[in-house]
*Asks:* 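Here you go, one structure.
Small disclaimer: the values here were computed from a predicted structure and weren't measured. Sequence positions, counted from 1, serve as the residue numbers for this chain.
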Amino acid sequence: MRLRRPVLIATVIVTAAGSLLFTPPSATADRRPPVREGSASAKGAAGAPASAARNALTAPVTDLSASASAGGYPREQVLTPDPENPADKSIKLGLTPYHGIAPKLNALQRLGDRVSVEVAGRSAGGHRLYLVTVTAPESARETRAQERMRELIENAPRTAAKDSAVKKTYKTPVFFNSNIHGNEWEGTDAGLKLIERLATAHDAKTTDLLAHNRLYFNITANPDGRIAGTRANANGFDLNRDLITASQPEARAMRQIEIDKQPAVMLDLHGYVNGTLIEPATPPHGENYEYDLFLKNTYANALGMEAAVNGLGYTPAKDGVEPAQIPFRDQQEGWDDWPPIFTPQYAAFHGTVAAHTVEIPLTVNNSAYDTLPVDELRRRSAINVDVAGAAMRATLDFAQSHRTSLIADQIELFRRGATGAPQVPVSAETVPGVPGIGPEDVYTTDFPRAYVIPAGPAQRSATAAARLVDHLLAHDVRVTRATRDVRLAGRSYAKGSYVVDLHQPKRGLANVMLADGRDISAKVSTMYDISGWSLGRLWGATVERVRSGSLSAVALRAVAAATRVGYVAPRGDLRLRLDTPQEIAALNSLLRQGVSVRRTADGNALVPSSARPKADALARAYDVVFDATKTTGGTLLHPTRVAAAVTAGELFALREMNFDVVPVSTAILNAGFDWSSADVLFVSSGLDHTALTASARTALDAFLGIHGLVGRGATGAAVNTAAGLLSVRPVEGNGDANGVVRVVNSGGPVTAGAPDHSFVYAPLWFTDLGPGVRVEQSYATGDPLVSGHWRALEDGTGGPTAAGGQASVVSGPHAVLFGTEPLFRDHPKGEFPQVGRALLAVSRTW
């Protein structure tokens with residue numbers, strides 16, 4: 001039986017006079033996590049600027065490897081200061097504003113030869129991302145030797161385990177990631193303070209620490225949010241949900257730090273949970289990483305951080321600060337480490353064997369920021385900086401005292417992957433020193449021998465396959481290609497098929513991205529965030545699992561990039577399939593250039609031969625195929641401007657598909673909106689028909705009387721009902737449900753060629769279909785959930801079996817409604833075209 005203590009967040013009440021009243025902790029109440037974030041619960045519509053989307057879609061990835069620099073350490077540079085911004089939200093808290101960071105880093109570099117600064121990229125809002133390295137000086141030769149050992153650990157782990165130089169001279173990489181949520185500020189300031197202390201201290205302990213470790217600080221992972229006081233970046237994205245999708249440049253920068261620096265230990269500094277929350281987390285635990293190694297080190301470091309934080313002397317009565325907590329020990333569920341989207345969980349796949357989310361205690365954001373006195377906010381922020389600093393210093397002590405075993409465990413992680421060794425289930429015997437391990441903590445998976453992304457007719461979309469392969473490679477997953485026809489596990493695959501051998505160091509990452517996942521609905525009652533994802537099912541490419549067998553006799557060649565598939569038939573009219581986001585984007589480009597494109601009954605695009613030069617350019621730009629066709633007729637398409645009351649992920653996905661988008665909301669419509677600038681309305685969030693003024697409602701209804709509606713979820717369905725477009729009854733499932741589901745497509749213009757899986761988050765379905773309503777897609781009969789968490793409500797309704805066989809996407813002449821989440825957080829790429837086709841189908845622009 002796991003030993004746990006019940007805990008409760010101490011609530012802080014501010015009276016009109018500004019005095020503090022602290023509610024004492026209950027002896028029986030169990031701590032519950034904050035309300036889960038996500039698009040399903042979003043109240044407002046996204047309104048990010050188009051420039052932020054352009055930056056995110058085009059920002060290059062910065063090479064941070066030692067090979068990118070000919071020199072050693074330090075790598076100093078003088079940073080150009082940013083213009084002073086008095087509106088920076090950090091200032092009110094007495095913290096370092098973003099414009100103060102570059103001068104501070106310049107000053108820190110001048111303190112000696114231990115501090116180096118690199119620009120790791122730029123945010124969606126265009127702000128520099130600073131990576132600071134603190135270590136003892138290294139010559140170029142010494143740096144090259146460190147890089148060789150780092151590569152040996154990953155690429156030849158059995159050799160590295162026996163290498164005396166690795167044991168004696170390899171510097172343990174430690175990574176501190178701060179301010180990934182922009183309005184959780186204090187990790188940045190704690191990091192700057194720690195860097196200054198390390199740069200100036202000359203005691204034996206500090207000298208020894210820097211001689212045997214490299215310390216990396218991502219000073220602010222989210223400068224856009226730091227300045228604006230928002231959780232999200234300039235595109236409205238929660239970056240701590242974007243690590244697998246990597247749609248945002250900030251997430252790609254963190255990914256590259258993990259790949260190029262290969263940290264053994266990392267801290268991700270957040271706020272605010274009182275007392276300080278320190279991972280390891282509650283069940284369910286990610287089934288694809290080597291959890292025995294992870295738990296062993298993460299729990300041991302958590303104990304040290306707990307002691308350091310509590311040792312600061314803050315108390316509930318005096319300061320409003322509760323004792324620190326470790327969820328694995330202190331809670332039953334609700335702070336899980338199941339999904340790979342969180343920074344520490346993603347880091348585990350790159351060799352980080354001690355990775356933590358640390359939630360510092362005292363709230364200073366959201367309503368507290370606007371209502372508390374400045375003195376109280378600064379008191380809290382100072383305590384939070386102190387707590388974050390204690391956690392960081394304790395982590396350095398842990399890294400130094402466990403340096404040899406940490407690197408040995410990182411080597412073992414990569415060895416298991418490379419050799420196909422079995423995972424080691426956690427138990428009191430396999431993870432000694434961690435109390436309370438029970439069967440509820442045991443999560444392992446059955447790794448296949450390989451995955452194949454086939455070439456030729458077996459592949460649903462060559463464009464989608466190439467995009468998926470490039471995405472895997474960007475995450476440092478190794479991919480090979482067959483140099484001739486091959487046969488694996490009794491199946492034949494054409495020459496050119498991609499093979500992802502699961503005998504590779506980062507097999508866990510490969511599998512978590514490509515596998516179906518698991519239905520964990522019966523395992524726990526609640527999840528902190530999403531529970532199902534699968535690039536194999538949701539990215540539009542055919543991916544096949546090879547369960548067993550040998551690859552030794554298979555002719556395979558490692559690839560550094562997918563083979564480009566862009567092609568234009570040399571003669572005749574052209575057909576552009578609309579099965580990927582790139583193809584929708586190419587179509588929208590043609591329409592903007594005035595090309596007369598027609599839509600066929602099955603939802604594809606017919607392009608006249610006269611547009612071949614334009615098609616050539618787009619085939620190269622988007623890596624899409626224009627086939628020859630003799631089909632004629634079809635419906636003439638026009639450039640489509642979308643008025644969109646949607647979530648941040650949906651707005652970004654629309655722009656990725658090259659739609660011209662104008663964000664709208666209840667407030668914007670009430671202020672007076674010029675509907676002549678729009679051709680179609682897409683609604684999923686932030687537009688309440690009942691809250692519109694009479695004039696705004698009249699204008700909206702008049703628009704929908706001529707133009708079309710695409711609706712998603714309960715908000716979209718409500719606007720449809722109010723406008724009287726489609727005669728359907730929307731049925732809401734469990735609002736906590738999410739995951740990958742099996743679907744059946746009708747072959748109509750919206751879902752023809754779509755994958756047979758989709759993604760849901762607070763799923764919806766449609767019954768009582770009236771005349772003229774077409775079922776475009778249905779949930780598969782029975783239980784459609786493949787992976788994720790979807791339970792029925794207490795009264796037995798709202799579960800997956802209730803949705804089985806019901807319509808998930810419906811359409812009519814002037815509206816399309818989605819009960820699924822085809823654009824969720826810019827993630828399920830293979831589902832995007834359903835929305836693109838829907839917008840084109842109901843947009844009446846004549």
*Asks:* Okay, side chain of Gln423, backbone of Glu287: is any donor-acceptor separation there less than 3.5 Å?
*Replies:*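 It does hold such a pair.
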*Asks:* State, with a plain yes or no, whether a side-chain heavy atom of Arg825 is found less than 4.5 Å away from one of Ile530.
*Replies:*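 They are in contact (side-chain heavy atoms under 4.5 Å apart), so the answer is yes.
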*Asks:* With a 4.5 Å cut-off on side-chain heavy atoms, are His350 and Phe414 touching?
*Replies:*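 With C-beta onward as the side chain, the pair stays apart.
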*Asks:* Going by atom types only, do Asn213 and Gln400 share a side-chain donor-acceptor pair under 3.5 Å?
*Replies:*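 Their side chains do contain a donor-acceptor pair, which is all the 3.5 Å distance test asks for.
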*Asks:* Have Asp783 and Thr801 got a donor and an acceptor in their side chains that come within less than 3.5 Å?
*Replies:*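 No pair is found: no donor N or O on one side chain lies under 3.5 Å from an acceptor on the other.
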*Asks:* Run the side-chain donor-acceptor check on residues 159-170: report pairs under 3.5 Å with partners two or more places apart or on a different chain.
*Replies:*
| residue | atom | partner | partner atom | Å |
| --- | --- | --- | --- | --- |
| Asp163 | OD1 | Ala165 | N | 2.8 |
| Asp163 | OD1 | Val166 | N | 3.2 |
| Thr169 | OG1 | Ala165 | O | 2.7 |

*Asks:* Determine whether a donor-acceptor pair (N or O, by modelled atom type, separation under 3.5 Å) exists between the side chain of Asp330 and the backbone of Gln325.
*Replies:*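 Between the backbone of Gln325 and the side chain of Asp330 there is no qualifying donor-acceptor contact (under 3.5 Å).
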*Asks:* Under 3.5 Å, is there a donor on one side chain and an acceptor on the other for Asp441 and Tyr291?
*Replies:*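 Judged by distance alone, the side chains do not pair up.
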*Asks:* Do Gln504 and Glu154 have a side chain donor and acceptor closer than 3.5 Å?
*Replies:*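 Gln504 vs Glu154: no donor-acceptor pair found between side chains.
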*Asks:* Quiz question: by atom type and distance under 3.5 Å, do the side chains of Lys171 and His212 form a donor-acceptor pair?
*Replies:*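 No pair is found: no donor N or O on one side chain lies under 3.5 Å from an acceptor on the other.
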*Asks:* Does a donor on one side chain and an acceptor on the other come within less than 3.5 Å for Asn240 and Thr343?
*Replies:*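 Note: Asn240 and Thr343 side chains meet the donor-acceptor criterion.
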*Asks:* Parallel, tilted or perpendicular, judged at 30° and 60°: which one describes the rings of His471 and Trp539?
*Replies:*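 Tilted, since the angle between the ring planes falls between 30° and 60°.
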